[in-house]
Student: 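The structure follows.
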Amino acid sequence: MLQLNYIRENTADVLKRLAIKNFKDAETIISSVLQLDVKRRAIQQSTDAVKAEANIIAKQIGMLMKEGKKEEAENLKLKTGQLKQSEKEFDEELATIEKEIHDILVQVPNTPHLSVPAGKTPEDNITILEHGTIPTLYEGNTPHWDLTTKYNLIDFELGVKIAGAGFPVYKGKGARLQRALINFFLDRATAQGYLEVQPPIVVNEESGYGTGQLPDKEGQMYFIGEDKLYLIPTAEVPITNLYRDVIVKEIDLPIKNCGYTPCFRREAGSYGKDVRGLNRLHQFDKVEIVQIAPPEKSYQILEEMRDYVAGLLKELELPFRILKLCGGDMSFGSALTYDLEVYSAAQSRWLEVSSVSNFETFQTNRLKCRYKDGTGKTQLAHSLNGSALALPRIVAALLENNQSPKGIVIPKVLVPYCGFEIID
RNA sequence: GGAGAAAUGGCAGAGUGGUCGAUUGCGGCAGUCUUGAAAACUGUUGUACCGUAAGGUACCUGGGGUUCGAAUCCCUAUUUCUCCGCCA
């Protein structure tokens, strides 16, 4: 959520940036918020004035009672009736207008960084780096969904029986590969200075709100109605919410956390080749990295995070590219996002395996995640996160790219984690 | 799940209707002393909103109520602790 004060003081800038995100009716919405804000401040002044008067009278009555001047006290009490009435009215008016403002603000997306390219569709994203060579596969290569069956790594049908489509059962070397990747990712992240955390994989409503999944995207999360808990769509939610209602010392920034969790997504509305095999699942595993950063360093940190993830892909020897997302393809809360995509050779397509974003104060404003700066002033920190990495598509690319007539070759870096060099 | 107790500032812990935004201790910050540090001493130390400012308003787990006035009384929700039950 954008800060009202910021909108008020930088209206032109906000509008300019919202245009990059193709946010419709930005001018109308922003100006209505600003009008409501003027009204709100006027009402608050009236409210405060009435309350101040009432407080004074209450104190006077207290004094009179102490001095035993009951009659005078009774007279003063008579005066308070009118005040109480208008106090109540003002309070209600204020609450109403604050809710109105809030309801509008939650619908306004984050303002993109000025370097974000304009554009509406993924075609408008900018490729900033391509790395590795796309492998030439041998005659008779197959997509991963055939390989997983051939080598008995994943049983999709069994998952359907147990839970439903999109809940695969990993078996044998398939299961071991999962575990290997998780450990590899966590080891690399901790070596990079990220503190590993193991958060709950369900969150309450407040947490969903804090990182922006609620109120908008609740249809994308599994909900346990009896206990009012949401299954997390990403570890970003519980980990970032660790810092909800927290004021940290500047010296403790940046805070770097990583964590492995399963992720659950309802993926309502997905279909076709996008959901085939491992391409899109309802449950998948991911290691997430999260940073709480001082504003002046957040963009440098974003690049570090992006490059760190790229480093993982290099170690895994996967061909990949990095995209800088255009305004139209960025998520609601992000100010700048890099997507990392690996090339899945048998499918002949790029698969998104990581999304690294700077949210600036968009999340921390909701979270009330702040720090004291050098001058002792309290201000909002920036929050950033990225996948490092999501497993299924990595597995898909590994299987497809590394297939050979003899079997699937495990990248060197994973061999110690897997305990085998080839899947055959 | 049953019975009981509790929830106060970064922490500990006072405060049961009227100058209480809240005693005190610890911690933090600044200073004095010291070659430096420690100790001791002195001062300072919550958040948000409104206001150019002076200042004002709100917040003692959340919500509602009683009252001229609520940290304090009542209702309610949540959470925590103790005991019992169940259980990885």
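Just so it is clear: chains get the letters A, B, ... in the order the sequence lines come, proteins before strands, and each one is counted from 1.
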Student: Work out how far the C1' atom of B:G28 is from that of B:C83, and round it to whole angstrom.
Tutor: 40 Å
Student: Hey, would you say the A:Phe284 and A:Phe264 ring centroids sit under 6.0 Å apart?
Tutor: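 Between A:Phe264 and A:Phe284, which both carry aromatic rings, the centre distance is not below 6.0 Å.
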Student: Give me the distances for all protein-to-nucleotides 26-28 of chain B N/O pairs that come in under 3.5 Å?
Tutor:
none

Student: Rounded to whole angstrom, note down the C1' distance from B:C75 over to B:U67.
Tutor: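 After rounding to an integer number of Å, I get 16 Å for this pair.
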Student: So, A:Lys88 and A:Asp91, do they make that salt bridge, N to O below 4.0 Å?
Tutor: no
Student: Using the 3.5 Å cut-off, write out each protein N or O paired with an N or O of nucleotides 67-76 of chain B and the distance between them.
Tutor:
none

Student: Which residue in the set A:Glu360, A:His382, A:Glu304 passes side-chain hydrogen bond (donor to acceptor under 3.5 Å, both in side chains) when paired with A:Tyr299?
Tutor: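 So, applying the side-chain hydrogen bond (donor to acceptor under 3.5 Å, both in side chains) to A:Tyr299 and each of A:Glu360, A:His382, A:Glu304, only A:Glu360 qualifies.
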Student: Counting only Watson-Crick or G-U wobble pairs whose two distances fall under 3.5 Å, which nucleotide matches B:A70?
Tutor: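 Base partner found: none.
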Student: Okay, side chain of A:Asn385, backbone of A:Gln291: is any donor-acceptor separation there less than 3.5 Å?
Tutor: no
Student: Considering every strand shown, what is the Watson-Crick or G-U wobble mate of B:U82 when both distances are under 3.5 Å?
Tutor: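 Across any shown strand, B:U82 pairs with B:A3.
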Student: Which whole number of Å gives the distance between the P atom of B:A5 and that of B:G43?
Tutor: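 Nearest-Å result for B:A5 against B:G43 at atom P: 43 Å.
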Student: What are the two closest non-hydrogen atoms of A:Gln44 and A:Leu94, and how far apart are they?
Tutor: N-CD1, 3.9 Å
Student: For nucleotides 48-56 of chain B, read 5' to 3', which letter fits each nucleotide if B means a protein heavy atom sits under 4.0 Å from the base, S means only the sugar-phosphate is that close, and - means neither?
Tutor: SBSS----B
Student: Say whether A:Glu250 and A:Gln379, considering side chains only, have a donor N or O and an acceptor N or O under 3.5 Å apart.
Tutor: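 No donor-acceptor contact under 3.5 Å links the two side chains.
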Student: Are A:Arg366 and A:Tyr209 in a cation-pi setup, meaning NZ or CZ lies under 6.0 angstrom from the ring centre and within 45 degrees of the ring axis?
Tutor: yes
Student: Do A:Thr149 and A:Asp146 have side-chain atoms, one donor and one acceptor, less than 3.5 Å apart?
Tutor: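 Judged by distance alone, the side chains do not pair up.
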Student: Determine the Euclidean distance between corresponding P atoms of B:U72 and B:G17; express it in Å to zero decimal places.
Tutor: 11 Å
Student: Validate the cation-pi geometry between A:Lys324 and A:Tyr338: distance from NZ or CZ to the six-membered ring centre under 6.0 Å, angle to the ring axis within 45°.
Tutor: no
Student: With P as the reference atom in both, quote the distance from B:G46 to B:U23 in angstrom, rounded to an integer.
Tutor: 11 Å
Student: Inspect the contact between A:Arg188 and A:Glu315 and indicate whether a charged nitrogen and a carboxylate oxygen are less than 4.0 angstrom apart.
Tutor: yes
Student: Please report the distance separating the C1' of B:A30 from the corresponding atom of B:G18, rounded so that it comes out in whole Å.
Tutor: 36 Å
Student: Could you work out the separation of B:A58 and B:A70 based on their P atoms and round it to a whole Å?
Tutor: 9 Å
Student: Paired with B:A40 by Watson-Crick or G-U wobble geometry, both distances under 3.5 Å: which nucleotide is it?
Tutor: B:U32
Student: Using the P atom as the point on both nucleotides, what is the distance between B:C73 and B:U8, in whole Å?
Tutor: 15 Å
Student: Ring of A:Phe420, cation from A:Lys173 - is the NZ or CZ under 6.0 Å from the centre and inside 45° of the axis?
Tutor: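 Yes - A:Lys173 lies over the ring of A:Phe420, closer than 6.0 Å to its centre and within 45° of its axis.
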